[in-house]
K.L.:
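Dropping a structure here in structure tokens format, bear with me for questions.
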Amino acid sequence: MSTAAAPVRQLAPHTVGELRTAAEQILEEFGTSATSPELLERVAESASGFGDTLRHDCRPVDTADGLFVLRGLDVDDASIGATPDSWATAGDSGALYDIILLLLASVMGNPIAWEGQQDGRFVHNIVPSPGHESEQTGASSGVLLSPHTEDAFHPGRAHLLMLGCMRNHDNIATTAASILKAALSDADVETLSRPVVPILPDDAYAEAQGYADAEPPAVPALFAGEEGTTLRFDPAYTPLGQADAAYCEAYGRLEDELTRVSVAVSLTPGEVLVVDNDIVVHGRVPFQARYDGTDRWLKRASVRIPGRLTRPLAEAEEHGYGQAAIEAHAA
């Protein structure tokens, strides 16, 4: 795994001030970062007033890395309080940064939330949680979080994933690998572009895992779209036992290639990693959680880009295992 630096976009001091002032005004008005139609409307209104400098910094991913780091926000380690011991107890911890992330997400596209995850909040707290150390979810710590497409099981998954760092004393790395840097044979690309096996809901979606109204749809791992090759990938929740040998071998070579081109991005407080979820799979290295209020703490937001054509049309027919995404700024 490479530790090569990720592309960085440095926010200017006046841009940071613009963001912070807007977020402080919204937080003062609503007293919480818990999303409501009124708060989301105010976020959209504030985001529409930002200048061209911030909009340029929030432009689409424009390198084969498929990601970039926004740098320049400050986080005061003392004032944010202790790292929560789970998302369920986080409440309004770091509320100002929830709103900053929502503002940035609204400049980039349309933030989304999931009815079945973290109480429908638009910004999630990603922290290690006791009893979840070995899961393949953001609450784990003691195992490698396998590289995956965020919410790969769902046709309404985000186009962009944003990870804002609140605390990372131990320099724990997020891993990322771009399909645009992988080298696959034409035969493997053709094989993996066939819908052979489904991707099942992960452990963060308990209700979706119990969905029994229809068969899980088979989906392609790769797709040749107008903007280039994209992928939909989550090996931990892909039942490869249902696939033929040729498909499994091609899938294994894809896994190997993504491992070969994988990079490690260790965020510092205030940095925001933006990942193109159609191009890049992400994960996390294992670490030893202390549960003493000083553990790694990220905030996560998911963004759809209206009108983006990077996915097979057949996805529109999928049932999504009964899960519904909520759009912050519905048209």
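For this chain, numbers begin at 1 and follow the sequence in order. Side chains included, hydrogens not; waters and symmetry mates left out as well; all remaining heavy atoms used. Small disclaimer: the values here were computed from a predicted structure and weren't measured.
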K.L.:
Please tell me whether Arg284 and Ser141 have a donor and an acceptor in their side chains that are separated by less than 3.5 angstrom.
P.N.:
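The criterion, which ignores hydrogens and geometry beyond distance, is not satisfied for Ser141 and Arg284.
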K.L.:
According to side chain to side chain contact (heavy atoms under 4.5 Å, CB included), who are the partners of His159, at least two apart in sequence or on a separate chain?
P.N.:
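With neighbours one apart ignored, the set is Asp278, Arg304, Ile305, Arg308, Thr310, Arg311.
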K.L.:
Would you find more than 12 non-hydrogen atoms of other residues, nucleotides or ligands less than 6.0 Å from Gln10 atom CD?
P.N.:
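Enclosed: over 12 neighbouring heavy atoms sit under 6.0 Å from CD of Gln10.
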K.L.:
Are side-chain heavy atoms of Leu258 and Pro147 found at a separation under 4.5 Å?
P.N.:
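No, every pair of side-chain atoms sits at 4.5 Å or beyond.
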K.L.:
Hey, mind stepping through Leu73 and Leu11 against side chain to side chain contact (heavy atoms under 4.5 Å, CB included) and telling me if it holds?
P.N.:
CA-CA 8 Å; Leu73 296 169; Leu11 294 170; 4.1 Å; yes
K.L.:
Check the hydrophobic clustering (I, L, V, M, F, W, Y; side-chain heavy atoms under 4.5 Å; chains of links allowed) and say if Leu145 and Val281 are grouped together.
P.N.:
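Shared cluster, no.
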K.L.:
Go through the steps to decide whether Arg167 and Asp77 satisfy the test salt bridge (charged side-chain N to carboxylate O under 4.0 Å, His left out), and finish with yes or no.
P.N.:
CA-CA 7 Å; Arg167 177 174 287 131; Asp77 190 71; 2.8 Å; yes
K.L.:
Tell me, do Val127 and Leu298 make a side-chain contact under 4.5 Å, heavy atoms counted?
P.N.:
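Contact flag for Val127/Leu298 side chains = no.
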K.L.:
Mark yes when over 12 heavy atoms from residues, nucleotides or ligands other than Glu29 sit less than 6.0 Å from its CD; otherwise mark no.
P.N.:
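Yes - once you tally the heavy atoms of other residues, nucleotides and ligands closer than 6.0 Å, there are more than 12.
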K.L.:
Do Arg9 and Asp57 sit within salt-bridge range, that is, some charged N less than 4.0 Å from a carboxylate O?
P.N.:
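No salt bridge links Arg9 with Asp57.
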K.L.:
Check whether Asp234 reaches the backbone of Ala152 with its side chain - one donor and one acceptor, N or O, closer than 3.5 Å.
P.N.:
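It does not hold such a pair.
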K.L.:
Nearest 0.5 angstrom please: Leu27 CG to Arg20 CZ, how far?
P.N.:
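It is 10.5 Å, given to the nearest 0.5 Å.
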K.L.:
In terms of hydrophobic clusters joined by side-chain contacts under 4.5 Å, are Ile100 and Val303 together?
P.N.:
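Hydrophobic grouping puts Ile100 with Val303.
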K.L.:
Do Leu161 and Met108 share a hydrophobic cluster, counting only Ile, Leu, Val, Met, Phe, Trp and Tyr and linking them when any side-chain heavy atoms are less than 4.5 Å apart?
P.N.:
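Leu161 and Met108: separate clusters.
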K.L.:
Show your working on side chain to side chain contact (heavy atoms under 4.5 Å, CB included) between Met162 and Arg300 and close with a plain yes or no.
P.N.:
CA-CA 6 Å; Met162 303 175 65; Arg300 178 179 66 200; over 6 Å; no
K.L.:
Would His124 and Lys299 count as a side chain to side chain contact (heavy atoms under 4.5 Å, CB included) if you check the C-alpha gap in whole Å, the side-chain angles of each, and the deciding distance to 0.1 Å?
P.N.:
CA-CA 5 Å; His124 295 168; Lys299 288 192 177 276; over 6 Å; no
K.L.:
Could you pull out the closest heavy-atom pair between Ser46 and Leu103, with the gap in Å?
P.N.:
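In this case the closest contact between Ser46 and Leu103 is CB-CD2, 3.8 Å.
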K.L.:
Is there a donor-acceptor contact under 3.5 Å from the side chain of Asp76 to the main chain of Ala78?
P.N.:
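Side chain of Asp76 to backbone of Ala78, a donor-acceptor pair under 3.5 Å: yes, one is there.
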K.L.:
Give me the ring orientation class for Trp114 and Phe153: parallel if the planes are under 30° apart, tilted from 30 to 60°, perpendicular past 60°.
P.N.:
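Tilted: the ring planes of Trp114 and Phe153 meet at 30° to 60°.
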K.L.:
For Glu207, does the CD atom have more than 12 heavy-atom neighbours from other residues, nucleotides or ligands under 6.0 Å away?
P.N.:
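Open: at most 12 neighbouring heavy atoms sit under 6.0 Å from CD of Glu207.
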K.L.:
Is a side-chain donor or acceptor of His14 paired with a backbone partner of Ala12 at a separation under 3.5 angstrom?
P.N.:
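Here the side-chain-to-backbone pair does not exist.
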K.L.:
Could Glu315 and Arg157 be called an ion pair, given the rule that one side-chain N must be under 4.0 Å from one carboxylate O?
P.N.:
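A salt bridge is present here (some side-chain N lies under 4.0 Å from a carboxylate O).
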K.L.:
Mind checking whether His319 and Tyr211 have ring centres under 6.0 Å apart?
P.N.:
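Centroid distance His319-Tyr211: below 6.0 Å, so yes.
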K.L.:
With side chains defined as the heavy atoms from C-beta onward, is the minimum distance between Leu273 and Thr174 less than 4.5 Å?
P.N.:
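The answer is yes, as the side chains (C-beta and beyond) meet within the 4.5 Å cut-off.
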K.L.:
Check whether any side-chain heavy atom of Ser178 lies under 4.5 Å from a side-chain heavy atom of Asp65, and answer yes or no.
P.N.:
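Not in contact.
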K.L.:
Are more than 12 heavy atoms, taken from residues, nucleotides or ligands other than Asp292, located less than 6.0 Å from that residue's CG atom?
P.N.:
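Correct, the count exceeds 12.
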K.L.:
With rounding to the nearest 0.5 angstrom, report the OG1 to CG distance, Thr229 to Leu222.
P.N.:
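Between Thr229 OG1 and Leu222 CG, I get 7.0 Å after rounding to 0.5 Å.
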K.L.:
Determine whether Leu267 and Trp297 fall in the same hydrophobic cluster, where Ile, Leu, Val, Met, Phe, Trp and Tyr are linked whenever their side-chain heavy atoms lie under 4.5 Å apart.
P.N.:
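Per the 4.5 Å side-chain linkage, Leu267 and Trp297 are not co-clustered.
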K.L.:
If we ignore hydrogens and angles and just use 3.5 Å, is the side chain of Glu255 paired with the main-chain N or O of Arg253 as donor and acceptor?
P.N.:
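Judged by distance alone, no pair lies under 3.5 Å.
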K.L.:
Would you say Gln288 has more than 12 foreign heavy atoms packed within less than 6.0 Å of its CD?
P.N.:
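Check fails, neighbour count at 12 or below.
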K.L.:
Please report the shortest heavy-atom distance between Ser140 and Phe287, naming the atom on each side.
P.N.:
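Taking every non-hydrogen atom into account, O-CE2, 4.1 Å.
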K.L.:
Locate the shortest heavy-atom distance separating Glu257 from Arg260; write the atom from each residue and the value.
P.N.:
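What the structure gives for the nearest pair is OE1-NH2, 2.8 Å.
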K.L.:
Could you tell me whether Arg232 and Asp151 make a salt bridge, using a distance below 4.0 angstrom between a side-chain N and a carboxylate O?
P.N.:
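Here Arg232 does not pair with Asp151 in a salt bridge, since their nearest N and O are not under 4.0 Å apart.
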K.L.:
With rounding to the nearest 0.5 angstrom, report the NZ to OG1 distance, Lys181 to Thr63.
P.N.:
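That separation rounds to 7.0 Å.
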K.L.:
Write down the atom of Val75, the atom of Pro269, and the distance for their closest heavy-atom approach.
P.N.:
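The answer is CB-CB, 4.0 Å.
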K.L.:
Working to the nearest 0.5 Å, report the span between CG of Leu254 and OG1 of Thr191.
P.N.:
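Result: 11.5 Å between the selected atoms.
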K.L.:
For the side chain of Asp170 and the backbone of Ile172, is there at least one donor-acceptor N/O pair under 3.5 Å apart?
P.N.:
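No, the answer is negative, given that no donor and acceptor are paired below the 3.5 Å cut-off.
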K.L.:
Is there a continuous path of hydrophobic side-chain contacts, each under 4.5 Å between heavy atoms, that joins Val275 to Leu231?
P.N.:
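Yes; tracing contacts between hydrophobic side chains, which count when under 4.5 Å, links both residues.
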K.L.:
Hey, are Thr15 and Arg55 close enough side-chain-wise for a donor-acceptor pair under 3.5 Å?
P.N.:
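On atom types as modelled, these side chains do not qualify, holding no pair under 3.5 Å.
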K.L.:
Tell me yes or no: between the side chains of His329 and Ser106, is some donor less than 3.5 Å from an acceptor?
P.N.:
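Their side chains do contain a donor-acceptor pair, which is all the 3.5 Å distance test asks for.
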K.L.:
Any non-hydrogen side-chain atom of Glu18 less than 4.5 Å from a side-chain atom of Val16?
P.N.:
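In short, these two side chains do not touch, never coming nearer than 4.5 Å.
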K.L.:
Okay, side chain of Ser129, backbone of His132: is any donor-acceptor separation there less than 3.5 Å?
P.N.:
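No: the side chain of Ser129 does not pair with the backbone of His132.
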K.L.:
Side chains of Ser33 and Asp92: is there a donor and an acceptor less than 3.5 Å apart?
P.N.:
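Yes, because at least one side-chain N or O of Ser33 sits under 3.5 Å from a partner of the opposite role on Asp92.
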K.L.:
Do you know the tightest heavy-atom contact between Thr238 and Val197?
P.N.:
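So the minimum-distance heavy-atom pair works out to CG2-CG2, 3.6 Å.
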K.L.:
Can you check whether Thr83 reaches Thr294 side chain to side chain, under 4.5 Å on heavy atoms?
P.N.:
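Side-chain contact under 4.5 Å: no.
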K.L.:
Atom CG in Leu96, atom CG in Leu101: separation rounded to 0.5 Å?
P.N.:
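With rounding to 0.5 Å, CG (Leu96) is 11.0 Å from CG (Leu101).
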K.L.:
Could you tell me whether the side chain of Gln209 and the main chain of Asp202 form a donor-acceptor pair under 3.5 Å?
P.N.:
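Between the backbone of Asp202 and the side chain of Gln209 there is a qualifying donor-acceptor contact (under 3.5 Å).
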K.L.:
Checking the side chain of Glu271 only, and the main-chain atoms of Thr268 only, is there a donor and an acceptor separated by less than 3.5 Å?
P.N.:
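Side chain of Glu271 to backbone of Thr268, a donor-acceptor pair under 3.5 Å: yes, one is there.
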K.L.:
Looking only at heavy atoms, what is the nearest atom pair of Ala113 and Phe122, with distance?
P.N.:
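So the two residues come closest at N-CE2, 3.6 Å.
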K.L.:
Quick one: does Val263's side chain get under 4.5 Å of Thr175's, heavy atoms only?
P.N.:
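Contact flag for Val263/Thr175 side chains = no.
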K.L.:
Return yes if some donor-acceptor pair links the side-chain N/O of His154 with the main-chain N/O of Gln323 below 3.5 Å, else return no.
P.N.:
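It does hold such a pair.
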K.L.:
Taking Asn110 for the side chain and Glu327 for the main chain, is one N or O donor matched with an acceptor at less than 3.5 Å?
P.N.:
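Judged by distance alone, no pair lies under 3.5 Å.
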K.L.:
Judged by modelled atom types alone, do Gln136 and Tyr237 share a side-chain donor-acceptor pair under 3.5 Å?
P.N.:
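No, because no side-chain N or O of Gln136 sits under 3.5 Å from a partner of the opposite role on Tyr237.
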K.L.:
When you look at CG of Asp186, are more than 12 heavy atoms from neighbouring residues, nucleotides or ligands closer to it than 6.0 Å?
P.N.:
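No, not enclosed.
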K.L.:
With a 4.5 Å heavy-atom cut-off, do Asp119 and Trp87 have their side chains touching?
P.N.:
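Asp119 reaches Trp87 side chain to side chain.
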K.L.:
Any chance CD of Glu24 has more than 12 other-residue heavy atoms, nucleotides or ligands included, within less than 6.0 Å?
P.N.:
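Yes, enclosed.
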K.L.:
Distance check, rounded to the nearest 0.5 Å: Asn125 atom CG versus Asp98 atom CG?
P.N.:
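Atom-to-atom, Asn125:CG and Asp98:CG are 6.0 Å apart.
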